[in-house]
Protein chains: 2
Amino acid sequence: MTQAAQSLPPADAKNSADTRERILDAAEHLFTENGFEGTSMRMITGAAGVNLAAVNYHFGSKEQLIQEVFRRRLTWLNQERLRILDELEAEAAGKPLKPSLIVDAFFGTLIRMAEHEALGGRTFLRLIGRTMTEPSGFIRAFFAEEYAGVVDRYKQALFKALPDVPKAEIVWRFHFMLGATSYAIAGTDALRIVTDWGIEPQEADEGLDKLLPRLMSFLLGGLRAQLPQFES
Amino acid sequence: MTQAAQSLPPADAKNSADTRERILDAAEHLFTENGFEGTSMRMITGAAGVNLAAVNYHFGSKEQLIQEVFRRRLTWLNQERLRILDELEAEAAGKPLKPSLIVDAFFGTLIRMAEHEALGGRTFLRLIGRTMTEPSGFIRAFFAEEYAGVVDRYKQALFKALPDVPKAEIVWRFHFMLGATSYAIAGTDALRIVTDWGIEPQEADEGLDKLLPRLMSFLLGGLRAQLPQFES
DNA sequence: GCTAAATTCAAACGAGTGTTTGAATCATAT
DNA sequence: ATATGATTCAAACACTCGTTTGAATTTAGC
């Protein structure tokens, strides 16, 4: 009972993953479903099919495991965001970018990440969404540190793109966009939306490919609101 | 040590609150700061200055206490939302309502609730925000049940107000608005925004009175996006 | 094949969890 | 004043938590 004979069936093709990776995968799933406090080390090691002590051996503590779960994905995500922004700014050759391009590069990249199952896919997206409202101190601190550089680059790009809009206004709307996106992600199991808000099943059962344009339209609408100086 | 001599100094004026109410107040604060799993019965009863067994005596279990913490506020909030919608529809005399009025009645009422400290004020708002992404089964079920009637009324009002917009589109945007609002609330301690996203302190240190129009503008912009048939 | 490091394992640690118990205290009504 | 029910209390319940231990096992280098 302590650890099942063979949990985590090979699922993926190239799966002779070593202990570290299996723990990270199991933890990612369980954190998404039950939260951090709601997930015990025994649940994680049980699902990963490894010994209870393995987490402390490989990561040191539960807290460090949580950080590593995020680092594994966020590093890639934020590098990608910076790469795309670099590319856009290089093309623009000093001129301000269209805000819609900036928004798509930041939020669209997050959503499109879900298509790559190898990168954690939807599970990690839901985990991000639920974590943005986590009050736990060390998690927020870790997030702020991990995001700081990227957010600042995008903020500057928006400032430049919307020179007539007060900076505080831009930062707040960026904040709202983040909220809408996090929540959209966290709540976008079709089934959960159906049961929670009474959407008809056939309306709700859409893939992420339909969510992305819907969300993007909403975000840009919010960003543009009462800003006539906005690009068409 | 088990319970401090006199915890919870009278703080408020009229505070000879009975045990039940003190437990609810303490639980509301602690749940907001530490989450449900991160808050123990001993923390609650310690902060409330009551015996450990009092929670089980008055509420039955921790789970029922959580539900009561929400019910105490949500009942008032949702009744208020229904009352306002009734009023608006009575004035309109059968004609569709302006979407901005509907949005303000639903989301504005939530934000404005923060001004009444007697209703839990900002603490409860932050708790709501953090709870919207909670995966915990019984909490989501409880929320869906508590909200079902209100959400349906507002959905119908929006359908009527925007007859040319596909219903699915409206429901999704309602969903996004909820996300932006929840997150705005949960993250809108000035200090946390400052540290997390690097806003200048003088830009971030604004009261809720400035947040409300900002958020409202964003929400309406998102709702209006690419919908030319929208009211001016 | 032998050595030494890396990894896994079963078992236990102390501390904290939500809940229950039964006696003590309080309030209220007769 | 007394009886009755509501409430509070200290103590203990059985259980789970994250972490540590030290021996067993596997892996890698020579």
Donor-acceptor pair (no angle test) under 3.5 Å: B:Arg42 side chain, C:dG18 base: yes
Salt bridge (charged side-chain N to carboxylate O under 4.0 Å, His left out) between B:Asp25 and B:Arg72, worked out: CA-CA 10 Å; B:Asp25 289 338; B:Arg72 184 169 62 144; 3.1 Å; yes
Ring geometry between A:Phe176 and B:Phe218 (parallel below 30°, tilted from 30 to 60°, perpendicular above 60°): tilted
Aromatic ring pairing A:Phe107/A:Phe174, orientation class (parallel under 30°, perpendicular over 60°, tilted between): tilted
I need the [atom1]-[atom2] distance between [X] and [N], as an integer number of Å.
X       : N      : atom1 : atom2 : result
A:Asn34 : D:dT16 : CG    : P     : 16 Å
B:Phe36 : C:dG18 : CZ    : P     : 14 Å
A:Asp18 : D:dT26 : CG    : P     : 17 Å
A:Leu30 : D:dG18 : CG    : C1'   : 16 Å
A:Ile44 : D:dT19 : CD1   : P     : 10 Å
A:Met43 : D:dC17 : CE    : C1'   : 12 Å

Within residues 55-70 of chain B, residues whose heavy atoms come under 4.0 Å of DNA chain D: B:Tyr57, B:His58
Gap between atom CZ of A:Phe59 and atom CD of A:Glu68 - 0.5 Å precision: 6.0 Å
N/O (side chain, A:Thr19) to phosphate O (OP1/OP2, C:dT7) under 4.0 Å: no
Charged tip of A:Arg81 within 45° of A:Tyr154 ring normal and under 6.0 Å: no
Sub-4.5 Å side-chain heavy-atom contact between A:Leu74 and A:Ile128: yes
Sub-4.5 Å side-chain heavy-atom contact between B:Thr45 and B:Asn51: no
What nucleotide, of [options], holds the atom closest to the side chain of [X]?
X       : options                : answer
B:Leu52 : C:dA10, D:dA10, D:dA11 : D:dA11
A:Asn51 : C:dG18, D:dA10, C:dT8  : C:dT8
A:Met41 : D:dG18, C:dT19, D:dC9  : D:dG18
B:Ser40 : C:dA10, D:dC9, C:dG18  : C:dG18

